[in-house]
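For reference, the structure is listed below as structure tokens.
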Amino acid sequence: QQQVKQSPQSLIVQKGGISIINCAYENTAFDYFPWYQQFPGKGPALLIAIRPDVSEKKEGRFTISFNKSAKQFSLHIMDSQPGDSATYFCAAQNTGFQKLVFGTGTRLLVSP
Amino acid sequence: NAGVMQNPRHLVRRRGQEARLRCSPMKGHSHVYWYRQLPEEGLKFMVYLQKENIIDESGMPKERFSAEFPKEGPSILRIQQVVRGDSAAYFCASSPPGTQANYGYTFGSGTRLTVV
């Protein structure tokens, strides 16, 4: 019940295309859903996050879509750029307990 | 304003030795978290500490692993008698006190432990 399932494991997108990464969770007590971006040799960096009282959040080229009834959320990267090539992790948190539960990651490669 | 500082960046230990990983949180942050990342896997929660207190250690292995966050100085993750399976990247994160802690936290660049 503490798992967050993430797909796909890897993704290749052409420059300018849309990258879509999906996550699903079981624990309805989760109330905070961040996405992290990680470059090789670096720590994860918070990219964008959403709470379940909204269905969508957009920051620049990055959008989170949230479906509370389906217990699913996804990251959309519009106009993908080679610099977006990284590993992306979704996560979920019950803010009463602080710890984050991470998905297994998606390795994104944006081809020039 | 330095971020979360971890050292060393890389650590090589022989089986049976001890590994000590250090983490200095961001200025003003009083909550520290340790996560472990195995190759090709996501991060797994290990422990959550505040100054001089362990708040949640539900992700810590029962043996050989310990963590502390003293009143002065960095947080330390200590692994005794390391085995090859301990080889991983260990990330520390910190967050500010109070309700702000619920809005995500900042990770360091990690310590990559290799056990030979």
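In the text below, chain A, chain B and the rest are named by the order of the sequence lines, each starting its count at 1. Please read these numbers as outputs of a predicted model, since none were measured by experiment.
- The cluster map of Ile, Leu, Val, Met, Phe, Trp and Tyr, joined by side-chain heavy atoms under 4.5 Å apart, puts A:Ile20 and A:Met78 in the same cluster.
- Across all non-hydrogen atoms, the minimal contact from B:Ser58 to A:Lys99 is OG-NZ, 3.0 Å.
- For A:Gln9, no part lies near chain B; criterion is any non-hydrogen pair under 4.5 Å.
- With a 4.5 Å cut-off on non-hydrogen atoms, B:Gln37 touches chain A through its side chain but not through its backbone.
- Atom CG of A:Leu100 sits about 4.0 Å away from atom OH of B:Tyr35, to the nearest 0.5 Å.
- Here B:Val12 is tied into one hydrophobic group with B:Val116, each link being a pair of ILVMFWY side chains closer than 4.5 Å.
- In the hydrophobic cluster analysis, where Ile, Leu, Val, Met, Phe, Trp and Tyr join through side-chain heavy atoms closer than 4.5 angstrom, B:Met46 is grouped apart from B:Ile76.
- At a threshold of 4.5 Å between side-chain heavy atoms, the hydrophobic network of Ile, Leu, Val, Met, Phe, Trp and Tyr places A:Ile64 and A:Phe30 in one connected group.
- Comparing B:Val47, B:Val4, B:Leu43 by heavy-atom pairs within less than 4.5 Å of chain A, the highest count is held by B:Leu43.
- Within the structure, ring pair (Phe, Tyr, Trp, His ring centres under 6.0 Å) pairs that include any residue of residues 51-92 of chain B do not occur (at least two apart or interchain).
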